[in-house]
Amino acid sequence: MSMPFYVAPEQMMKDRADYARKGIARGRSLAALTYDDGILIVAENPSSTLHKVSEIYDRIAFGGVGRYNEYDQLRVAGVRAADLKGYSYSRDDVDARSLANQYSQILGQIFTHEVKPMEVEILIAEVRGQAGEDQMFHVLYDGTIVDEHNYSVLGGESEMIAERVSQTWSQGLALRDAVKVAVGALAGPDRTLSPDDLEVAILSRSDGRRAFRRLDDSQVAEHLA
C-alpha cells in the first residue's frame, strides 16, 4: 500500500507565493501617486486596447499588474459590485475601502483553497474632497491589503521603482511634474519611455462626479516636454 502524499502547509503556502510572484514579475509595473488635484496612475503598457488602468465608479479607479485575464475578471467583478451597492443604497456608500476588502477576500480565498493562485496585484484608488482624504489600497496576490500613502508601486520591480519615486516626489506636485516623476521612476536610469509605451490616467477632484480621465499620447508628451 502506497503512503499518502504529504506537503507541509508552510511549504505549500511558500510555493504558491513564489509561483505568484514569478508570474507578476514577468509583467510591467505600475505607479500611482498623489498630485495637487488628485491621483495620477501611470502604467508601462504599449497596448492601446488592453487597459491596465480603468474606472470602477464615479471617483474610484482600478489598476492591475500580472496576468491580464485574471485582473480583468477582478475589475469586472468590482464594477458590478460597485454598481449594485450604489443602486441599492447610495452612490456615496461606494468607497475604495469596501471594494479593497472584497478583493482581499476573493484573492485570499483563491490563494488558500485553489491549486493555482492568481498572478496579480491590484490597486484601488479613490479621490475625495480634500487632498489629505484620498485613498489608495494595494491588494496582493494572497489577499493582503496595504493602505498606501502618497504613492504606490505594483509589479516585479516595485521596491526599486518606489525608491526612485521617494527621491523625487513631494507634496502638492502639479500634474506635469507628477507625470515626470512617475515616468522617470518606471523607466529608471538606463531606459527612456515614450508616450506610446505608457498608459496614463488621473482621478481629478476638479472634474466633478466622474473624476476618472485618460490622458492621450499628445497630452502625455506635452507633460513630459
Side-chain angles (χ1 to χ4, degrees), residues 29-43 52-65 74-75 78-79 81-83 85-86 89-105 107 121-140 143-155 158-186 198-215 219-220 223-224:
S29 298
L30 176 150
L33 52 127
T34 58
Y35 71 103
D36 59 359
D37 192 43
I39 298 173
L40 167 73
I41 306 175
V42 180
K52 287 186 171 184
V53 184
S54 301
E55 181 184 30
I56 287 282
Y57 208 62
D58 292 343
R59 307 175 72 82
I60 302 174
F62 173 97
V65 298
L74 294 172
R75 178 192 65 82
V79 170
D83 281 344
K85 187 173 184 178
Y89 301 99
S90 166
R91 303 187 79 90
D92 294 335
D93 291 331
V94 182
D95 64 344
R97 186 184 304 276
S98 61
L99 283 171
N101 285 332
Q102 291 183 42
Y103 281 130
S104 173
Q105 293 173 19
L107 288 169
E121 289 182 14
I122 61 175
L123 173 77
I124 311 300
E126 180 182 7
V127 68
R128 308 188 72 131
Q130 298 180 5
E133 299 174 350
D134 295 341
Q135 296 182 339
M136 290 189 289
F137 297 98
H138 179 184
V139 187
L140 303 179
T144 301
I145 299 180
V146 182
D147 184 3
E148 303 278 23
H149 300 282
N150 301 327
Y151 57 84
S152 178
V153 180
L154 284 65
S158 59
E159 292 183 1
M160 295 192 331
I161 296 172
E163 177 65 25
R164 292 195 286 264
V165 172
S166 68
Q167 294 171 0
T168 52
W169 179 88
S170 60
Q171 194 76 39
L173 284 174
L175 178 58
R176 176 187 296 271
D177 297 326
V179 171
K180 291 178 180 178
V181 168
V183 174
L186 289 172
L198 300 168
E199 180 181 357
V200 183
I202 60 173
L203 288 169
S204 174
R205 263 181 290 277
S206 60
D207 281 354
R209 194 186 78 184
R210 296 291 295 275
F212 182 87
R213 175 161 54 91
R214 297 187 186 277
L215 303 185
Q219 292 172 310
V220 175
H223 290 310
L224 291 175

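Values below: all heavy atoms of this structure, side chains included; hydrogens, waters and symmetry mates excluded. Since the model is a prediction, treat every value here as computed from it, not as a measurement. The residues of the chain are indexed from 1 along the displayed sequence.
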- Message: Would you say that Lys180 contacts Leu224 through its side chain, given a criterion of any heavy-atom pair below 4.5 Å between the two side chains?
- Response: yes
- Go through Arg210 and Glu55 one step at a time and tell me if the salt bridge (Lys or Arg N to Asp or Glu O under 4.0 Å) criterion holds. CA-CA 9 Å; Arg210 296 291 295 275; Glu55 181 184 30; 2.8 Å; yes
- Go through the steps for Val53 and Phe62 under the test side-chain contact (heavy atoms from CB on, under 4.5 Å), then give the verdict. CA-CA 6 Å; Val53 184; Phe62 173 97; over 6 Å; no
- Calculate, to the nearest 0.5 Å, the distance between atoms CG and CD belonging to Leu107 and Glu121 respectively. 10.0 Å
- Item | Full working for side-chain contact (heavy atoms from CB on, under 4.5 Å) between Asn150 and Gln171 | CA-CA 8 Å; Asn150 301 327; Gln171 194 76 39; 3.8 Å; yes
- Expected output: side-chain Arg59 to main-chain Val127 donor-acceptor under 3.5 Å: yes
- Does some side-chain heavy atom of Arg205 sit less than 4.5 Å from a side-chain heavy atom of Gln130? no
- Check whether more than 12 heavy atoms from other residues, nucleotides or ligands sit under 6.0 Å from atom CD of Glu133, and answer yes or no. yes
- Message: Does Gln167 have more than 12 heavy atoms from other residues, nucleotides or ligands lying within 6.0 Å of its CD?
- Response: yes
- Hey, does the side chain of Asp134 reach the backbone of Arg128 with a donor-acceptor pair shorter than 3.5 angstrom? yes
- Message: For Ser98 and Asp95, which I'm curious about, is there any donor-acceptor pair between the side chains at under 3.5 Å?
- Response: yes
- Specify the closest pair of heavy atoms between Asp37 and Ser206, including all atoms of both residues, with the distance to one decimal. OD2-OG, 2.7 Å
- With rounding to the nearest 0.5 Å, note down the distance linking OG1 in Thr168 to CD in Glu163. 10.0 Å
- Nearest heavy-atom neighbours spanning Ala125 and Ile39: CB-CD1, 4.0 Å
- Distance, nearest 0.5 Å, that separates CG of Leu99 from CG of Leu74: 11.5 Å
- When rounded to the nearest 0.5 angstrom, what distance separates OH in Tyr35 from CZ in Arg176? 13.5 Å
- Evaluate the side-chain proximity of Val200 to Gln219: yes if any heavy-atom separation is below 4.5 Å, no if none is. no
- Item | For the student: nearest non-hydrogen atoms of Ala96 and Ile124, plus distance | CB-CG2, 3.8 Å
- Here the gap from Ser166 atom OG to Leu33 atom CG, rounded to the nearest 0.5 Å, amounts to 12.0 Å
- Item | Test side chain to side chain contact (heavy atoms under 4.5 Å, CB included) applied to Glu126 and Ile60, Ile56, Asp58, Leu203, the passing residue | Ile60
- Query: Quick one: does Arg97's side chain have a donor or acceptor within less than 3.5 Å of a partner on Gln135's backbone?
  - Reply: no
- Item | Minimal non-hydrogen separation, Ala32 against Ile41, with atom names | CB-CG1, 4.0 Å
- Here the gap from His138 atom NE2 to Ile122 atom CD1, rounded to the nearest 0.5 Å, amounts to 9.0 Å
- Side-chain heavy-atom pair Thr34, Met136 within 4.5 angstrom cut-off: yes
- Task: Decide yes or no for Phe137 and Asp147: does some side-chain heavy atom of the first lie under 4.5 Å from some side-chain heavy atom of the second?
- Result: yes
- At their closest point, which heavy atom of Ala182 faces which heavy atom of Leu40, and how far apart are they? CB-CD2, 4.2 Å
- For Ala211 and Asp207, the nearest pair of non-hydrogen atoms, with its separation, is O-OD2, 4.0 Å
- Message: Test your reading of the model: is there a side-chain donor-acceptor pair from Tyr103 to the backbone of Gly78, 3.5 Å cut-off?
- Response: yes
